Amino acid sequence: MMKKIIQTLVATMCTALLLFPTTIYAQNRFTVNGKVDFVSDYIWRGIDQNSGFSVQPSLTLGYSGFSVNVWGSQTLSRWNAESPAKEFDVNLSYSLNNFSITVSDYWWYGVNQPYGHYKDSHFFEGTLAYCLSESFPLTLSWSTMFAGADKNEEGKLQGSTYINASYPISLPADITLTPAIGFTPWKGYYQNKSAFTDVSLKANKNIKVTDKFSIPVFIQTIVAPVYDRTYLIAGFGLGF
C-alpha cells in the first residue's frame, strides 16, 4: 500500500512536468535571488531541530518557472553540543500559476558528519502545493519522502508524509497574519501514528529603513500537539 502511494505521487509529479510546457511564458528570464534569515530558534514541522539561534542562508536560481534552491541552517549558539546543528538542503521546483511541484534533498546530520552517505543520511521528498486563488489564498501542500534514510526498524521505506494548510491574512499597518496547521496521516518520521504535528500563527511585517530598503521581521507561535511542545520564535531577514 505504501509503495503504491509513493509510486502514484512520483507519477503525478512527472505527469505535471510534462503537461506544463515552459513555452507558455511570454518572457523567459534567468533570475538569481539570495537571502539570509536570522531566527531565535529553528522548528521544522513541529520538531525542535536543537539549533537555537541560527543563521539560514539560501540561494535560488530560476528560469521559466523552474528553480534550483540551496538552503542551509547553521547554529550560532550551540557549539558545545556533540554534533552542532547544521542543515544543507537542495530543492528543485517548477511553478505554474498557483501550482508548484518540488523535489527536495534534506540533510541535517551536523557540522562534524560526512555529507555523501545518501542512503543513510539524506531524506528525499516530493511536494505538491496549490494556492486556490489571489482572493482566497488558501495554500495546501502534500509532502512525501520517497527515498534515502526514511526507513523503519526493518529497513523498509516509510513514505513519511506531511500535509499542510495555511492562509495569509492582510491586516492594517502592512502586517500579514498567517495561521497554519500540519498533519501526518500515518506512521513515519514524524510520529508512530497519524497526528497533528503543528499548529502555528505567524505575523510578518516589513520594517522600512529607507525609501528603498526594508527588513522583513516575523514573530511566530507554534504548538506541536503530538510532541506536547510550544514555541515562540522571532526572526528577520536580508535579501536581494
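In this text the structure is predicted, and so the values were computed from the model without any measurement.
Atom CG of Asp41 and atom OG of Ser51 lie 7.0 Å apart (nearest 0.5 Å). For the atom pair Leu140 CG and Asn98 CG, the distance stands at 11.5 Å (nearest 0.5 Å). How far CD1 of Ile101 is from OG of Ser93: 9.0 Å, rounded to the nearest 0.5 Å. Here the CG atom belonging to Asn164 is positioned 9.0 Å from the CD1 atom belonging to Ile181, to the nearest 0.5 angstrom. Atom CZ of Phe66 sits about 7.0 Å away from atom OG of Ser64, to the nearest 0.5 Å. Note: Lys119 NZ to Lys151 NZ = 8.0 Å, rounded to the nearest 0.5 Å.
Under a 3.5 Å cut-off, the side chain of Asn69 and the backbone N or O of Asn91 do not form any donor-acceptor pair. Side chain of His122 to main chain of Tyr115: a donor-acceptor pair is present (N/O by atom type, distance under 3.5 Å, no hydrogens or angles). A donor-acceptor pair under 3.5 Å links the side-chain atoms of Thr210 to the main chain of Lys212, judged by distance alone. The backbone N or O of Trp186 sits nowhere less than 3.5 Å from a side-chain atom of Lys193 that would complete a donor-acceptor pair. Proximity of a side-chain donor or acceptor of Asp150 to a complementary backbone N or O of Gly159 within less than 3.5 Å is detected. Under the 3.5 Å distance criterion, the side-chain polar atoms of Lys86 are left unmatched by any main-chain donor or acceptor of Asn112.
Between Ile47 and Tyr189, the closest side-chain pair of non-hydrogen atoms falls below 4.5 Å. Side chains of Ile207 and Ser214 form no contact here, defined as non-hydrogen atoms less than 4.5 Å apart. Annotation: side chain of Ile43 is not in contact with side chain of Gln220 (no heavy-atom distance under 4.5 Å). Side-chain contact between Tyr167 and Pro137: present, with at least one pair of heavy atoms (C-beta onward) separated by less than 4.5 Å. Two residues are said to be in side-chain contact when any heavy atoms from C-beta on lie closer than 4.5 Å; Leu92 and Tyr94 fail this criterion. Considering only heavy atoms from C-beta on, Ser54 comes within 4.5 Å of Ser73 through its side chain. In this structure, Tyr42 and Gln56 have side chains that are in contact, with non-hydrogen atoms separated by less than 4.5 Å. When side chains are defined from C-beta on, Trp79 counts as touching Val111, because their heavy atoms get closer than 4.5 Å.
Placement of Leu76 and Val36 within a single hydrophobic cluster is found when ILVMFWY residues are connected by side-chain heavy-atom separations under 4.5 Å, directly or transitively. In terms of hydrophobic clustering, with Ile, Leu, Val, Met, Phe, Trp and Tyr side chains grouped at heavy-atom distances under 4.5 Å, Phe218 and Leu201 are assigned to different clusters. One hydrophobic cluster, built from ILVMFWY side chains closer than 4.5 Å, cannot hold both Tyr118 and Val68; they sit in different ones. Phe53 and Ile215 fall within a single hydrophobic cluster, where Ile, Leu, Val, Met, Phe, Trp and Tyr side chains are chained together by heavy-atom contacts under 4.5 Å.
No hydrogens or angles considered: a donor-acceptor pair under 3.5 Å links the side chains of Thr161 and Thr144. Between the side chains of Asn204 and Thr176, no donor-acceptor pair is found at a separation under 3.5 Å. No hydrogens or angles considered: nothing links the side chains of Thr102 and Ser104 as a donor-acceptor pair under 3.5 Å. There is no side-chain donor-acceptor pair under 3.5 Å between Gln158 and Asn152. Side-chain polar atoms of Arg45 and Tyr190 form a donor-acceptor pair below 3.5 angstrom.
Residue Lys35 places its NZ atom among 12 or fewer non-hydrogen atoms of other residues, nucleotides or ligands, all under 6.0 Å distant. Counting heavy atoms of neighbouring residues, nucleotides and ligands inside a 6.0 Å radius, atom CD1 of Ile219 does not exceed 12 of them. For Asn33, the CG atom is densely surrounded, since the number of other residues' heavy atoms within 6.0 Å is greater than 12. The 12-atom threshold is not exceeded at CG of Asp228, counting heavy atoms of other residues, nucleotides or ligands nearer than 6.0 Å.
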Determine all donor-acceptor pairs shorter than 3.5 Å in which one atom belongs to a side chain in residues 229-240; sequence neighbours excluded.
unit_1, atom_1, unit_2, atom_2, d
Arg229, NH1, Tyr227, O, 3.1

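The aromatic ring centroids of Phe196 and Phe183 lie less than 6.0 Å from each other. Between Trp71 and Tyr106, the distance from one ring center to the other does not fall under 6.0 angstrom. For Phe99 and Tyr130, the distance between ring centers is not under 6.0 angstrom. Centroid-to-centroid, the aromatic rings of Phe123 and Trp108 come within less than 6.0 Å.
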Test ring-ring contact (aromatic ring centres under 6.0 Å, His included) on Trp107 and Phe124 and set out the steps.
CA-CA 9 Å; Trp107 181 87; Phe124 296 93; over 10 Å; no
When you look at Ser143 and Thr127, which way does the side chain to side chain donor-acceptor pair (under 3.5 Å) test go after all the steps?
CA-CA 4 Å; Ser143 302; Thr127 297; 2.7 Å; yes
